[in-house]
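Below, chains carry the letters A, B, ... as their sequence lines are ordered, and counting in each starts from 1.
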Amino acid sequence: MKEFISNLLVQAANTLVEDTSSINIILERPKSAAHGDFSCNLAMMLAKPLRQNPRVIAEQLINAIPQNNQIAKIEVAGAGFINFYLAADAKHAVVKAILEAGDQYGQNQTGKGEKVQVEFVSANPTGPLHVGHGRGAAVGDCLSRLLAANGWDVTREFYYNDAGAQIDNLTISVLARAKGVSTNDISFPENGYRGEYIADIAKAFLAKETIVADDTEVTASGDLNDTESVRHFSVAYLRHEQDLDLRAFQIQFDVFSLESALYASGKVEDTVQSLIKSGHTYEEEGALWLRTTDFGDDKDRVMRKNEGGYTYFIPDVTYHLEKWNRGFIKVINEQGADHHSTITRVRAGLQALDIGIPKAWPDYVLHQMVTVMRGGEEVKLSKRAGSYVTLRDLIEEVGCDATRYFLAARKSDSQLIFDIDLARAQTNDNPVYYIQYAHARICSVLTQWEGEPSSLAAADLSALASSREAILMQKLSEFPDVVQQAASDLAPHMIANYLKECASELHSYYNDTKFLVDDTSTKLARMALITATRHILKNGLHLLGVSAPNNM
RNA sequence: GCGCCUGUAGCUCAGCUGGAUAGAGUACCAGUUUCCGAAACUGGGGGUCGCAGGUUCGAUUCCUGUCAGGCGCACCA
């Protein structure tokens with residue numbers, strides 16, 4: 001419909017201007033129903049080049065628009081807006097379209113089946129996942145679902161930094177606990193991990209337990225002189241813990257990549273050699289540097305430390321080079337904003353390789369900090385992890401649906417306050433239940449109707465003539481635009497906001513109008529409309545990874 | 001000091017590539033169930049869009065400056 005009107009306007013504009021190719025027709029949905037179903041500011045855009053009053057131009061445009069049966073009325077309003085009022089049939093069309101497409105409605109082929117990788121969570125295997133990782137998980141998973149709905153071939157990936165100094169730190173922390181050193185003791189490693197889970201790992205190691213994580217299996221030697229065994233076992237143990245966290249959050253990954261594998265395969269060394277060959281490196285004070293300042297960084301970065309090891313920067317570049325070589329023209333990295341400084345660095349490293357990787361590749365979505373509140377006070381402690389709130393604590397307390405919704409419903413640029421009391425509330429305060437209730441309500445009515453849902457696509461919809469019904473149909477028709485916009489803006493929160501509005505229109509309609517009436521054609525038309533609404537709510541909730549219960 | 005993000009109703013937040021009277025939820029006040037689920041709905045009050053300039057027909061939106069908060073500025077990741 002949008003395209004249809006757009007074409008009409010281009011035709012009309014052709015009668016006033018010689019070259020319309022540079023004109024970008026913008027059609028918007030007016031906030032107020034008094035302004036029609038679609039609105040266009042074309043006349044105002046043309047006012048300057050034509051040197052005429054916008055309202056006069058608008059009149060001329062309207063006169064030049066060909067007659068058709070889709071549009072009931074066209075008006076000039078305000079400073080020169082052209083408002084379109086759709087004919088009843090045109091409004092009803094969306095209901096039929098939804099009923100025919102069902103679960104597929106809202107999807108499009110913008111991505112043309114091309115490969116996109118979304119990397120998210122990527123927590124170090126040094127502890128359980130915390131709320132911040134949860135936000136990354138919710139946003140990353142929702143982004144993946146959105147991109148898939150837009151026709152992309154999506155790969156979800158988790159990168160484990162299992163090779164750096166933080167793993168040495170983990171190893172000595174577990175060793176200390178295994179030897180009975182208390183975290184308060186002076187001899188406990190200064191920067192060691194102090195959460196209670198470290199003691200659990202130590203205990204499991206001494207008990208020679210076997211851990212299965214992803215595709216690997218590790219059995220503890222139980223020998224405290226065997227540092228390598230402690231290291232492997234601890235990493236496997238925590239990867240397993242994180243797997244459980246992810247399972248509780250109903251997040252699945254297609255690929256787990258390990259930093260250690262990049263070293264083992266010699267790819268890290270290859271990258272170093274390529275960078276040296278590119279001529280952007282130099283040695284100073286015993287270290288090997290990359291001149292990242294040539295590519296927009298504010299200072300050069302160390303590649304190889306003077307004691308010989310590589311900084312994390314090099315495997316990071318290697319990993320992204322791998323992504324490029326695996327054929328991902330589009331890559332989105334979802335990370336916490338506290339890592340934003342790596343963006344320039346990784347991109348600079350890839351530029352230095354000089355192999356034609358675009359300057360702005362890969363894309364990044366950064367999420368800001370999460371603060372958890374309970375009873376009006378900030379929650380900072382967890383029994384398991386000590387100094388931070390774990391994702392699993394949160395899921396256990398408020399449930400998976402509410403946790404996912406709250407973590408994805410805010411613009412990721414904004415800091416987020418997670419109110420546990422609100423998320424737990426099974427009342428009208430809680431937007432998750434509000435949306436799910438709308439869905440359950442529809443299901444309840446459909447059950448009582450006892451009719452055949454598949455017959456509705458052919459129903460006569462002419463009875464849908466009230467303003468409530470018009471508003472609801474208008475809201476439903478926006479869904480495909482929202483799905484497309486949310487994906488192109490990489491903004492999952494738009495789905496959450498849309499669903500709240502959609503649920504609100506349904507609830508208003510429900511309270512205003514009785515659906516199961518005696519008149520058959522009216523009843524069928526209303527069944528068709530609420531069934532269409534149900535599809536939209538279900539499809540939208542699915543994009544968020546939130547369930548759409550039939551009853552609650 | 002430098003960089004990134006954020007300042008919109010008492011609180012939590014939307015505001016779609018600049019557009020019509022700046023919206024929603026919550027909280028507060030007043031109403032709605034002989035009728036499909038009241039986990040709902042209807043109405044009301046509540047705003048200098050941090051502040052100051054600039055760009056133009058028009059700025060919450062774009063630019064500059066400034067104030068405030070968060071995060072980051074390692075031969076850690």
Neighbour count above 12 (heavy atom, 6.0 Å) for A/E307 CD: yes
4.5 Å side-chain heavy-atom contact, A/Q107 and A/V483: no
A/R135 vs A/H367 side-chain heavy atoms within contact, under 4.5 Å: yes
Please state how far atom [atom1] in [X] lies from atom [atom2] in [N], giving the value in whole angstrom units.
{"X": "A/R55", "N": "B/C57", "atom1": "CZ", "atom2": "P", "result": "19 Å"}
{"X": "A/F515", "N": "B/C41", "atom1": "CZ", "atom2": "P", "result": "13 Å"}
{"X": "A/H439", "N": "B/A39", "atom1": "NE2", "atom2": "P", "result": "18 Å"}
{"X": "A/D413", "N": "B/C4", "atom1": "CG", "atom2": "P", "result": "13 Å"}
{"X": "A/L506", "N": "B/G37", "atom1": "CG", "atom2": "C1'", "result": "12 Å"}
{"X": "A/L446", "N": "B/G37", "atom1": "CG", "atom2": "C1'", "result": "13 Å"}
{"X": "A/N550", "N": "B/G37", "atom1": "CG", "atom2": "P", "result": "14 Å"}
{"X": "A/F81", "N": "B/G18", "atom1": "CZ", "atom2": "P", "result": "13 Å"}

For [X], report the nucleic acid contact type (base, sugar-phosphate, nothing); a contact means any heavy atom under 4.0 Å.
{"X": "A/D297", "result": "nothing"}
{"X": "A/A409", "result": "nothing"}
{"X": "A/K500", "result": "nothing"}
{"X": "A/S39", "result": "base"}
{"X": "A/I417", "result": "sugar-phosphate"}
{"X": "A/A440", "result": "base"}
{"X": "A/M552", "result": "base"}

If we take the [atom1] atom in both [N] and [M], what is their distance in whole Å?
{"N": "B/A9", "M": "B/G47", "atom1": "P", "value": "10 Å"}
{"N": "B/G45", "M": "B/C51", "atom1": "P", "value": "24 Å"}
{"N": "B/C63", "M": "B/G31", "atom1": "C1'", "value": "49 Å"}
{"N": "B/U42", "M": "B/A27", "atom1": "P", "value": "16 Å"}
{"N": "B/U56", "M": "B/U8", "atom1": "P", "value": "29 Å"}
{"N": "B/C28", "M": "B/G10", "atom1": "C1'", "value": "10 Å"}
{"N": "B/G7", "M": "B/A52", "atom1": "C1'", "value": "16 Å"}
{"N": "B/U61", "M": "B/C49", "atom1": "P", "value": "10 Å"}

Gap separating the CG atom of A/L366 from the OG atom of A/S412, nearest 0.5 angstrom: 7.5 Å
Would you indicate which nucleotide in [options] comes nearest to any side-chain atom of [X]?
{"X": "A/R410", "options": "B/U12, B/A20, B/A39", "value": "B/U12"}
{"X": "A/Q415", "options": "B/G69, B/U6, B/C36", "value": "B/G69"}
{"X": "A/H35", "options": "B/G69, B/A20, B/G37", "value": "B/A20"}

Below 4.0 Å: OP1/OP2 of B/C36 and any side-chain N or O of A/K523: no
Presence of A/Q448 side-chain N/O under 4.0 Å of B/G37 phosphate oxygens OP1/OP2: yes
Aromatic ring pairing A/F158/A/F256, orientation class (parallel under 30°, perpendicular over 60°, tilted between): tilted
Base orientation of B/U33, syn vs anti, 90° cut from 0: syn
Qualifying residue for side chain to side chain contact (heavy atoms under 4.5 Å, CB included) with A/F38, from A/I74, A/L86, A/I82, A/N83: A/L86
Those residues that, when tested against A/D419, pass side-chain hydrogen bond (donor to acceptor under 3.5 Å, both in side chains) (two or more places apart): none
Partners passing side-chain hydrogen bond (donor to acceptor under 3.5 Å, both in side chains) against A/R231 (at least two apart in sequence or in another chain): A/D168, A/E228
A/L238 to A/P125 - nearest heavy-atom pair and separation: CD1-O, 3.2 Å
Results of salt bridge (Lys or Arg N to Asp or Glu O under 4.0 Å) for A/K380 - residues two or more places apart only: none
Test side-chain contact (heavy atoms from CB on, under 4.5 Å) applied to A/E119 and A/E334, step by step: CA-CA 6 Å; A/E119 182 205 327; A/E334 204 291 349; over 6 Å; no
Cation-aromatic face contact A/R194/A/F188, 6.0 Å, 45 degrees: no
A/R347 to A/F295, cation-pi by 6.0 Å centre distance and 45° axis angle: no
Summary of protein contacts for nucleotides 71-77 of chain B, nucleotide by nucleotide, where a base hit scores B, a sugar-phosphate-only hit scores S (4.0 Å, heavy atoms): BSSSBSB
Near-parallel close stack of A/Y434 and B/A39 base (under 5.5 Å, under 30°): no
Secondary-structure string, 5' to 3', Watson-Crick or G-U under 3.5 Å, | for another-strand partners, for RNA chain B: (((((((..((((.....[...)))).(((((.......))))).....(((((..]....))))))))))))....
Residues touching RNA chain B, which here means a heavy atom under 4.0 Å, drawn from residues 470-499 of chain A: A/Q485, A/H493, A/N497
CA sep, side-chain torsions, deciding dist, call: A/F515, A/Y510, ring-ring contact (aromatic ring centres under 6.0 Å, His included): CA-CA 8 Å; A/F515 305 152; A/Y510 182 97; 5.7 Å; yes
